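Here the structure is a predicted model, which is why all the values come from computation and not from measurement.
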Amino acid sequence: MKRINWSWIRLSFMLVAIVFLYSFTGKRNRNRKVTKAEVVFVGKNALFVQQKVVNKMLIENKLDVKTIDRDALDLNKLEKTIDAHPMIEKSQVFVSVDGVLKAVVKQKTPIARINEDGSSFYIDYNGSEMPMSSNYAARVILVSGEITSKNREDLVQLFRLIYDDVFLKKNIIGIQIMPNNSVVLLNRNYNFKIDFGQLINVEQKFKNYKAFFQKVALDSSIAKYKKIDLRFTKQVVCTK
């Protein structure tokens with residue numbers, strides 16, 4: 001009876017195991033590299049910032065994304081870099097199981113365009129400043145006058161109220177900030193000015209304006225008014 005050479009069998013198993021481990025390690029090392037980068041914008045806003053700009057920040061200006069080692073990525077640092085862009089509100093960066101480096105980006109939402117001292121910029125929904133974009137111009141209310149630390153919070157609340165209200169967003173196109181911090185509103189379809197007064201009882205004043213507008217909208221005489229005074233909370237005073 002022929003004897004089994006167990007030493008050769010063990011050696012063969014060891015060689016097979018080494019080849020398998022080498023192949024597995026090589027495949028694992030390849031999988032540690034990023035396969036591609038992807039930027040996804042969420043929300044309904046048009047793109048104020050170009051996708052390629054965010055992509056460069058995501059891959060840190062590397063020419064070939066496939067040279068990026070997944071283990072060397074600092075995802076928190078990448079998020080902070082993207083979030084620092086003046087047109088971006090928040091981002092989330094992660095690597096998918098198939099090696100895709102992905103950034104999910106939410107842009108800022110502009111609610112007013114400010115013209116001040118010859119320059120223009122947006123105020124976003126959170127009250128932060130946002131530069132103008134060469135990509136897209138937002139259709140929001142135009143604001144002239146001085147925004148200060150004293151009136152800023154009240155003005156941002158006013159901008160939000162107009163932005164969130166379908167009727168007001170459609171009808172109010174401009175705001176003039178007066179030296180005494182009272183405001184004058186401009187209507188889209190009519191030439192009259194709306195004397196809103198100081199930024200107090202804001203919601204009640206808008207209720208009064210809506211009631212007045214709905215009442216006279218069917219009457220052609222609305223076009224004859226030159227001024228709508230909303231300074232008094234219990235009445236609307238009109239001047240022809």
A.B. asks: Ignoring hydrogens and angles, state whether a donor on the side chain of N115 or S120 is under 3.5 Å from an acceptor on the partner side chain.
C.D. replies: yes
A.B. asks: Suppose we screen for salt bridge (charged side-chain N to carboxylate O under 4.0 Å, His left out). Which residues come up paired with D98, at least two apart in sequence or across chains?
C.D. replies: none
A.B. asks: Could you tell me which residues satisfy side chain to side chain contact (heavy atoms under 4.5 Å, CB included) with L47, sequence neighbours excluded, listed by chain and number?
C.D. replies: F41, Q107
A.B. asks: Against L155, only a single residue in T148, V183, I114 fulfils side-chain contact (heavy atoms from CB on, under 4.5 Å); can you say which?
C.D. replies: V183
A.B. asks: Any non-hydrogen side-chain atom of K33 less than 4.5 Å from a side-chain atom of I68?
C.D. replies: no
A.B. asks: With side chain to side chain contact (heavy atoms under 4.5 Å, CB included) as the criterion, how do V202 and L161 come out once you've worked through the C-alpha distance, each side chain's angles and the decisive distance to 0.1 Å?
C.D. replies: CA-CA 9 Å; V202 172; L161 274 173; 3.4 Å; yes
A.B. asks: Assess, by modelled atom type and distance only, whether the side chains of S182 and N180 contain a donor and an acceptor separated by less than 3.5 Å.
C.D. replies: yes
A.B. asks: List, by chain and number, the other hydrophobic cluster members for F232, where Ile, Leu, Val, Met, Phe, Trp and Tyr join if side-chain heavy atoms come within less than 4.5 Å, directly or indirectly.
C.D. replies: V237
A.B. asks: Should I172 and L199 be regarded as members of a common hydrophobic cluster, given that ILVMFWY residues are connected when their side-chain heavy atoms come within less than 4.5 Å of each other, either directly or indirectly?
C.D. replies: yes
A.B. asks: Using a 3.5 Å distance criterion without hydrogens, assess whether the side chain of N208 forms a donor-acceptor pair with backbone atoms of T233.
C.D. replies: yes
A.B. asks: So do the side chains of N191 and K226 get within less than 4.5 Å of each other, counting heavy atoms only?
C.D. replies: no
A.B. asks: Do the side chain of Q50 and the main chain of N135 share a donor and acceptor less than 3.5 angstrom apart?
C.D. replies: no
A.B. asks: Would you please name every residue forming a salt bridge (charged side-chain N to carboxylate O under 4.0 Å, His left out) with D165, sequence neighbours left out?
C.D. replies: K210
A.B. asks: Just jot down the side chain to side chain contact (heavy atoms under 4.5 Å, CB included) partners of L75, sequence neighbours excluded, or say none.
C.D. replies: L73, L78, V93, V95, L101
A.B. asks: Do you know the tightest heavy-atom contact between R231 and D229?
C.D. replies: NH2-OD2, 2.7 Å
A.B. asks: Can you check side chain to side chain contact (heavy atoms under 4.5 Å, CB included) on I162 and I111, steps first, answer last?
C.D. replies: CA-CA 9 Å; I162 295 174; I111 59 175; over 6 Å; no
A.B. asks: Apart from V100 itself, which Ile, Leu, Val, Met, Phe, Trp or Tyr residues share its cluster (side-chain heavy atoms under 4.5 Å, direct or through members)?
C.D. replies: none
A.B. asks: Test your reading of the model: is there a side-chain donor-acceptor pair from S91 to the backbone of I82, 3.5 Å cut-off?
C.D. replies: no
A.B. asks: By the ring pair (Phe, Tyr, Trp, His ring centres under 6.0 Å) test, which pairs, at least two apart or in different chains, include something from residues 134-190?
C.D. replies: F48-Y136, F167-F213, Y190-F192
A.B. asks: As a quick check of understanding, evaluate side chain to side chain contact (heavy atoms under 4.5 Å, CB included) for I200 and K205, giving each step before the final call.
C.D. replies: CA-CA 9 Å; I200 55 175; K205 290 178 180 180; 4.3 Å; yes
A.B. asks: Go through the steps for Q204 and K234 under the test side chain to side chain contact (heavy atoms under 4.5 Å, CB included), then give the verdict.
C.D. replies: CA-CA 9 Å; Q204 183 58 50; K234 293 184 179 180; over 6 Å; no
A.B. asks: Measure the shortest side-chain to side-chain distance between E89 and K106 over non-hydrogen atoms and say whether it is less than 4.5 angstrom.
C.D. replies: yes
A.B. asks: Going by salt bridge (charged side-chain N to carboxylate O under 4.0 Å, His left out), name the residues that satisfy it together with K227, two or more places apart in sequence or in a different chain.
C.D. replies: D195
A.B. asks: Among Ile, Leu, Val, Met, Phe, Trp and Tyr joined by side-chain contacts under 4.5 Å, find the other residues sharing a cluster with F94 and list them by chain and number.
C.D. replies: V42, V104
A.B. asks: Hey, can you pull the donor-acceptor pairs under 3.5 Å for the side chains in residues 139-147, sequence neighbours left out?
C.D. replies:
none

A.B. asks: Determine whether a donor-acceptor pair (N or O, by modelled atom type, separation under 3.5 Å) exists between the side chain of D124 and the backbone of N126.
C.D. replies: yes
A.B. asks: Quick check: closest heavy atoms across R188 and K170, and the distance to 0.1 Å?
C.D. replies: NE-O, 2.6 Å
A.B. asks: K102 versus S96: any side-chain heavy-atom pair under 4.5 Å?
C.D. replies: no
A.B. asks: Got Y209 and I194 here, is their nearest side-chain heavy-atom distance under 4.5 Å?
C.D. replies: yes
A.B. asks: Listed by chain and number, what are the side chain to side chain contact (heavy atoms under 4.5 Å, CB included) partners of E129, not counting sequence neighbours?
C.D. replies: F121, I123, R152
A.B. asks: Taking atom CD of E153 as the centre, report whether more than 12 heavy atoms of other residues, nucleotides or ligands fall under 6.0 Å from it.
C.D. replies: no
A.B. asks: Could I get the full list of salt bridge (charged side-chain N to carboxylate O under 4.0 Å, His left out) partners for E79, not counting sequence neighbours?
C.D. replies: none
A.B. asks: Check whether any side-chain heavy atom of V49 lies under 4.5 Å from a side-chain heavy atom of V54, and answer yes or no.
C.D. replies: yes
A.B. asks: Do Y125 and D164 get their side chains close enough for a donor-acceptor pair, meaning under 3.5 Å?
C.D. replies: yes
A.B. asks: Do N171 side-chain atoms and L168 backbone N/O form a donor-acceptor pair below 3.5 Å?
C.D. replies: no
A.B. asks: For residues C238 and F212, report the shortest heavy-atom separation together with the two atoms involved.
C.D. replies: SG-CE1, 3.3 Å
A.B. asks: Does the ring centre of F206 sit less than 6.0 Å away from the ring centre of F196?
C.D. replies: yes
